[in-house]
Number of protein chains: 2
Amino acid sequence: MNFQKRKQKIMEQLDRTGEVDIKELAAELDISEITARRDLNQLANDGLLYRTHGGAMKVDPLAKPHDFVNKAAQNANVKDSICRRAVEHINDGDIIFMDCGSTVFRLCQFIKHKKIKVITNSLPVIYELQNCSVSINIIGGEFNNERQATHGKIANEHIARYRAGKAFLGVDGISAHGLFANSELEAEITLMYIHQSAYTYVLCDDSKVGKETYLKFADINQVEAIITNADDQKLAGFKDTALTILQVV
Amino acid sequence: MNFQKRKQKIMEQLDRTGEVDIKELAAELDISEITARRDLNQLANDGLLYRTHGGAMKVDPLAKPHDFVNKAAQNANVKDSICRRAVEHINDGDIIFMDCGSTVFRLCQFIKHKKIKVITNSLPVIYELQNCSVSINIIGGEFNNERQATHGKIANEHIARYRAGKAFLGVDGISAHGLFANSELEAEITLMYIHQSAYTYVLCDDSKVGKETYLKFADINQVEAIITNADDQKLAGFKDTALTILQVV
DNA sequence: TTTAATTTGATCAAAATTAATCATAATTGA
DNA sequence: TCAATTATGATTAATTTTGATCAAATTAAA
């Protein structure tokens with residue numbers, strides 16, 4: 001068993017239990033204690049763990065990987081049917097905005113083979129659209145780990161530099177009174193996308209329709225269309241607005 | 001059994017078990033140990049595997065963009081020792097630029113647990129530094145799939161908005177006459193990083209030192225330090241410059 | 001505080017792996 | 001065909017890795 005392999009095992013156990021003991025380690029890996037000690041010293045030297053007397057501890061117990069994909073997988077069927085409707089409105093040559101919503105993310109799989117330009121602040125979208133015919137423009141700025149996207153002043157300014165024909169955006173709530181968000185950062189960047197695109201599609205499942213939550217950041221007449229699985233009853237409130245409603249089963 | 005066929009078998013087993021042993025390999029393929037060793041060295045040189053004592057291991061299968069990972073795996077030992085020296089100059093609270101060089105990429109593993117702010121145009125760097133104590137700022141702009149990074153006018157403007165204490169950059173060539181790049185896009189963004197940082201470290205292995213290739217984009221006195229494994233003879237040309245030379249074994 | 005137990009780093013030695021050198025076999029291209 | 005290049009193998013020296021011993025440092029206990 002070479003160092004690389006031992007390193008792997010040590011980091012594995014460290015990840016699992018948070019600590020390792022030199023004696024145990026030497027026994028488990030069938031190496032002498034001094035070799036175990038040397039291994040730990042080397043890893044500590046690279047900042048991969050904290051050396052303690054008789055063992056080592058994990059460096060950053062706080063890091064919590066946020067699983068974006070899980071959120072995107074919720075209600076996958078509903079989201080996919082919304083996206084199938086959305087993709088009917090996307091043609092080769094289009095320049096489109098995509099934000100960091102989990103429904104918008106699922107749009108990626110349907111546009112991979114289109115010859116379009118996508119401008120986005122969502123890292124998962126960027127990843128999904130790599131190595132395909134879509135050309136990508138990344139919105140820069142401070143990266144928010146929870147949302148897996150960039151936000152803030154610089155990101156907004158960056159969007160302001162571009163114009164796109166269409167924007168595909170998610171919201172936390174929508175009603176005849178306007179669009180709602182759970183955070184200011186999210187609200188601002190969505191608003192900027194709306195400003196800089198000729199035609200805005202709001203993608204949202206029925207749970208968001210009629211919901212007026214936290215912060216209203218735009219009037220309903222600022223966007224052109226909504227694509228949703230909400231039923232007629234939920235959508236009735238929009239009948240006095242100019243909003244184009246694209247309803248999916 | 002020729003090299004191509006052996007290479008196939010080696011990569012096959014590597015894919016299956018994650019590792020190979022020189023003795024076993026020699027026995028299985030019915031070749032001498034030294035030939036097995038030469039095979040592994042050649043494959044390691046192409047970044048297709050990591051060489052270990054007595055065998056080899058698979059390169060990180062999780063990282064998506066294969067070309068980039070392979071490039072980063074080439075000369076991994078040299079790059080890592082360069083990075084270990086670099087990390088000595090990075091302290092908690094620092095704000096640093098990192099470009100999209102393959103050596104610079106390997107710096108990530110050594111700074112994951114530092115409390116610093118990283119501004120970068122490299123997608124692999126972003127991906128590597130997610131979910132750790134490093135806060136990330138993404139340089140926006142058009143995404144170049146080959147380089148796995150953003151470049152161009154908007155990216156340059158974006159960098160111009162920021163100031164950082166230190167920049168860690170790669171180059172395609174460096175001599176007493178200046179810094180050299182293989183493309184204008186690369187040159188421009190590197191130059192912008194240099195302008196916007198108080199202190200610039202150039203990270204490069206010995207193959208880049210003394211090389212004057214394609215496009216000169218900066219004088220040598222525009223950067224402060226070079227971290228390299230080049231020997232005294234190769235570095236002799238810099239003795240009349242103010243460049244700080246950080247030499248690694 | 002002092003004492004005992006444990007852990008550690010340094011030094012050296014043994015084992016394993018590797019690089020270097022040279023010789024031989026196989027392949028290639030004229 | 002033959003010379004030249006390339007691939008392979010054997011040998012040996014150098015390097016790396018590992019382990020053992022022991023004094024010094026650290027921790028825990030009295």
Side-chain angles (χ1 to χ4, degrees), chain A residues 1-11 13-14 17-59, chain B residues 1-14 17-59 73-85 88 106 205-207 229-234 247-249:
Chain A
M1 173 118 65
N2 56 29
F3 171 66
Q4 284 83 354
K5 186 118 187 159
R6 294 199 304 270
K7 169 179 171 179
Q8 234 174 26
K9 296 237 178 219
I10 291 171
M11 294 312 292
Q13 180 178 342
L14 215 52
T17 67
E19 59 186 338
V20 292
D21 177 271
I22 291 222
K23 282 193 201 304
E24 291 175 17
L25 203 62
E28 279 175 35
L29 303 183
D30 195 30
I31 52 175
S32 74
E33 289 184 24
I34 186 148
T35 300
R37 204 151 42 227
R38 274 196 274 243
D39 285 356
L40 294 187
N41 286 353
Q42 192 167 338
L43 294 172
N45 203 46
D46 288 345
L48 267 44
L49 48 75
Y50 282 132
R51 194 70 169 71
T52 63
H53 264 249
M57 286 178 58
K58 186 148 72 168
V59 175
Chain B
M1 173 121 61
N2 57 26
F3 172 66
Q4 280 76 7
K5 192 136 178 110
R6 295 200 304 270
K7 169 178 170 178
Q8 216 175 6
K9 296 237 177 219
I10 293 170
M11 295 311 293
E12 226 168 72
Q13 180 178 343
L14 215 52
T17 67
E19 59 186 332
V20 293
D21 177 273
I22 290 225
K23 283 192 201 305
E24 292 174 16
L25 201 63
E28 280 174 34
L29 302 184
D30 194 31
I31 52 176
S32 71
E33 289 184 23
I34 187 157
T35 301
R37 204 151 41 226
R38 275 196 273 243
D39 285 356
L40 294 188
N41 285 352
Q42 189 168 338
L43 294 172
N45 205 46
D46 292 343
L48 266 42
L49 48 76
Y50 281 124
R51 194 71 169 70
T52 65
H53 251 98
M57 290 182 66
K58 187 151 67 168
V59 299
Q74 285 173 20
N75 280 314
N77 286 342
V78 168
K79 285 174 178 170
D80 281 358
S81 52
I82 289 173
C83 287
R84 282 197 187 91
R85 176 63 64 89
E88 293 170 11
R106 294 196 71 90
D205 62 63
D206 58 351
S207 71
N229 68 320
D231 57 28
D232 293 335
Q233 192 192 345
K234 276 198 165 185
Q247 203 177 4
V248 299
V249 291

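Hydrogens, waters and symmetry mates are skipped; everything else that's a heavy atom, side chains included, is used. So that the names make sense, note that chain A is the first sequence line, chain B the second, and so on, each numbered from 1.
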For B:Lys5 and D:dT8, give me the distance from atom NZ to atom P, rounded to whole Å. 14 Å
Determine whether A:Met57 and A:Leu14 satisfy the following criterion, side-chain contact (heavy atoms from CB on, under 4.5 Å), listing intermediate values before the conclusion. CA-CA 7 Å; A:Met57 286 178 58; A:Leu14 215 52; 5.7 Å; no
Taking only N and O in the side chain of A:Asn2, is any of them less than 4.0 Å away from OP1 or OP2 of D:dT17? no
Give me the residues of residues 21-32 of chain B where at least one heavy atom lies under 4.0 Å from an atom of DNA chain D, by number, or none. B:Ile31, B:Ser32
A:Asp46 and B:Arg84 ion-paired at < 4.0 Å: yes
Which of these passes side-chain contact (heavy atoms from CB on, under 4.5 Å) with A:Phe3: A:Leu43, A:Thr35, A:Ile31? A:Leu43
Starting the side chain at C-beta, find the nucleotide from C:dA20, C:dA19, D:dG19 nearest to B:Asn41. C:dA19
Could you tell me whether a side-chain N or O of B:Arg51 sits under 3.5 Å from a main-chain N or O of B:Leu40, the two making a donor and an acceptor? no
Taking all atoms of both residues into account, what is the closest heavy-atom pair of A:Ala56 and A:Leu49, and its distance? CB-CD1, 3.8 Å
Might you work through the side-chain contact (heavy atoms from CB on, under 4.5 Å) test for A:Lys7 and A:Asp39, ending with a clear yes or no? CA-CA 7 Å; A:Lys7 169 179 171 179; A:Asp39 285 356; over 6 Å; no
5'-most by nearest nucleotide on DNA chain D - A:Asp39 or B:Phe3: B:Phe3
Separation of D:dT11 atom P from B:Ile34 atom CD1, nearest Å, is 12 Å
Using the 3.5 Å cut-off, write out each protein N or O paired with an N or O of nucleotides 13-16 of chain D and the distance between them.
from: D:dT16; atom 1: O3'; to: B:His53; atom 2: ND1; distance (Å): 3.4

Minimum-distance nucleotide (side-chain atoms of B:Arg51 versus C:dA19, C:dT18, C:dA20): C:dT18
Closest-nucleotide ordering on DNA chain C, the 5'-leading residue of A:Arg38 and A:Gly54: A:Gly54
With sequence neighbours left out, the residues meeting salt bridge (charged side-chain N to carboxylate O under 4.0 Å, His left out) with A:Lys23 are A:Glu33
For C:dA10, does either OP1 or OP2 sit under 4.0 Å from a side-chain N or O belonging to A:Arg37? no
Would B:Gln247 and B:Asp232 count as having a side-chain donor-acceptor pair, cut-off 3.5 Å? yes
Are A:Ile10 and A:Leu48 close enough that some pair of their side-chain heavy atoms sits under 4.5 Å apart? no
